[in-house]
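Quick notes on the structure that follows.
Residue numbers start at 1 and run along the sequence shown.
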Amino acid sequence: MVKGPGLYTDIGKRTRDLLYRDYNADHKFTVTTFSPTGVAITTAATKRGDLFLADVTTQLKNKNVTTDIKVDTSSNLLTTITVDEPAPGLKAILSFVVPDQRSGRVELQYLHDHAGISASVGLTANPIVNLSGVVGNSCLALGTDASFDTKSGNFTKCNAGLSFTNQDLIASLTLNNKGDSVNASYYHIVNPLTNTAVGAEVSHSFSTNENTITIGTQHALDPLTTLKARVNNAHKVSALIQHEWRPKSLFTISGEVDANSIDKSAKFGLALALKP
């Protein structure tokens, strides 16, 4: 396994997972089953207000090739074919949506001890080309992420990021939206035995002069139960509790309260994921 700087999307990922992952205001149910031949079938249903969404995903694996076929309630068929390590450190991904003829995309990812590169291009006459790269090691990483529209001849995205990783902390700084906004994040492991960690994210927009501050924490009440909480400068307070009642099967309850409108109803979400 390569222990390098990773991909550009890994910069600040631990903080984002701490502050945003598993929080939701919907009711979601997911169940995964496996056939005797090893085919995985995942059925997901989500109730979002008065809207009901559902999808079925089938995953087939053959040596180093994984094929995911997903059908949703809008009659879209999403197919993703992943080839893991056709060459050392390389991953190839082909994805497309039926009936959208402009949705095809090919992506290549390469991981090295001192670099991580991702390149993707749309399968259209005038595609958007995405390219990101990171150099460094498992301690310090510097990278950039850009998208170029071949039809207009303009860069639609241009970001840069820096990440520092220590034994118990991760700090990152990114410049986004073509230099219009800056984001700083911090993740610190307080107690690895109880999976206790704290994190913070600060964003500033130069065009609007607005700041966004989010602070969060997590703590394992026991080896199977995790408690998370967060608060931001808009006075929105969120919390969740997640319990692994059997291996890989999770039950999550989350809620959010707006302190500026305490008279309004709080938002609550439920998520149940079942795996054999």
Side-chain angles (χ1 to χ4, degrees), residues 1-21 59 61-68 70 78-97 100 102-167 169-187 199 201 203:
M1 182 177 179
V2 176
K3 294 184 178 180
L7 299 174
Y8 185 84
T9 52
D10 294 326
I11 295 179
K13 184 178 184 301
R14 291 291 294 274
T15 305
R16 293 193 300 271
D17 287 347
L18 172 65
L19 296 178
Y20 306 110
R21 186 176 178 181
Q59 185 180 81
K61 292 186 177 181
N62 182 16
K63 296 182 180 179
N64 65 331
V65 180
T66 302
T67 303
D68 294 279
K70 178 179 178 180
L78 170 62
T79 301
T80 304
I81 302 173
T82 304
V83 183
D84 193 24
E85 293 213 339
L90 187 66
K91 178 185 289 188
I93 303 171
L94 169 66
S95 62
F96 55 90
V97 178
D100 187 357
R102 297 178 55 86
S103 62
R105 177 169 295 276
V106 174
E107 180 178 0
L108 292 177
Q109 297 178 359
Y110 177 70
L111 293 176
H112 184 268
D113 288 338
H114 300 290
I117 300 172
S118 176
S120 65
V121 59
L123 301 179
T124 62
N126 299 291
I128 294 179
V129 181
N130 298 283
L131 179 64
S132 65
V134 179
V135 294
N137 50 40
S138 58
C139 178
L140 185 64
L142 176 65
T144 185
D145 179 26
S147 295
F148 181 76
D149 189 340
T150 59
K151 184 176 181 179
S152 63
N154 296 321
F155 282 94
T156 58
K157 179 176 65 175
C158 188
N159 303 328
L162 174 68
S163 176
F164 173 76
T165 304
N166 203 348
Q167 183 177 359
L169 67 87
I170 302 173
S172 65
L173 181 68
T174 57
L175 191 63
N176 306 313
N177 302 321
K178 301 179 183 180
D180 181 64
S181 62
V182 62
N183 179 287
S185 65
Y186 176 78
Y187 176 89
E201 182 181 65
S203 299

Non-neighbouring partners of Lys178 that pass salt bridge (charged side-chain N to carboxylate O under 4.0 Å, His left out), sequence neighbours left out: none
For [X] and [Y], which heavy atoms make the closest approach, and how far apart are they?
| X | Y | result |
| --- | --- | --- |
| Pro127 | Thr150 | O-OG1, 2.6 Å |
| Pro5 | Val134 | CB-CG1, 3.6 Å |
| Gly12 | Ser185 | CA-OG, 4.0 Å |
| Leu19 | Gly199 | CD2-O, 4.0 Å |

Interatomic distance, [X] atom [atom1] to [Y] atom [atom2] [nearest 0.5 angstrom]:
| X | Y | atom1 | atom2 | result |
| --- | --- | --- | --- | --- |
| Glu85 | Tyr110 | CD | OH | 10.0 Å |
| Cys139 | Phe164 | SG | CZ | 4.5 Å |
| Asn176 | Ser203 | CG | OG | 8.0 Å |
| Ser132 | Gln109 | OG | CD | 8.0 Å |
| Lys91 | Leu108 | NZ | CG | 12.0 Å |
| Leu7 | Ile117 | CG | CD1 | 9.5 Å |

Verdict with reasoning, Phe96 to Leu123, per side chain to side chain contact (heavy atoms under 4.5 Å, CB included): CA-CA 9 Å; Phe96 55 90; Leu123 301 179; over 6 Å; no
Lys157, NZ: over 12 other non-hydrogen atoms inside 6.0 angstrom: yes
Ser163: side-chain hydrogen bond (donor to acceptor under 3.5 Å, both in side chains) partners, not counting sequence neighbours: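 Listed in chain order: nothing, the list is empty.
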Heavy-atom side-chain contact between Leu140 and Leu162 under 4.5 Å: yes
Taking [Y]'s backbone N and O only, do any of them form a donor-acceptor pair with [X]'s side chain (distance below 3.5 Å, no angle check)?
| X | Y | answer |
| --- | --- | --- |
| Arg16 | Asp10 | no |
| Asn64 | Asp84 | yes |
| Thr144 | Asn159 | yes |
| Asn154 | Thr156 | no |

Where at least one partner belongs to residues 117-127, residue pairs that pass side chain to side chain donor-acceptor pair (under 3.5 Å), sequence neighbours excluded: Arg105-Ser120, Glu107-Ser118, Ser120-Asn130
Residue pair Thr82, Thr66: steps toward the side-chain hydrogen bond (donor to acceptor under 3.5 Å, both in side chains) verdict: CA-CA 5 Å; Thr82 304; Thr66 302; 6.0 Å; no
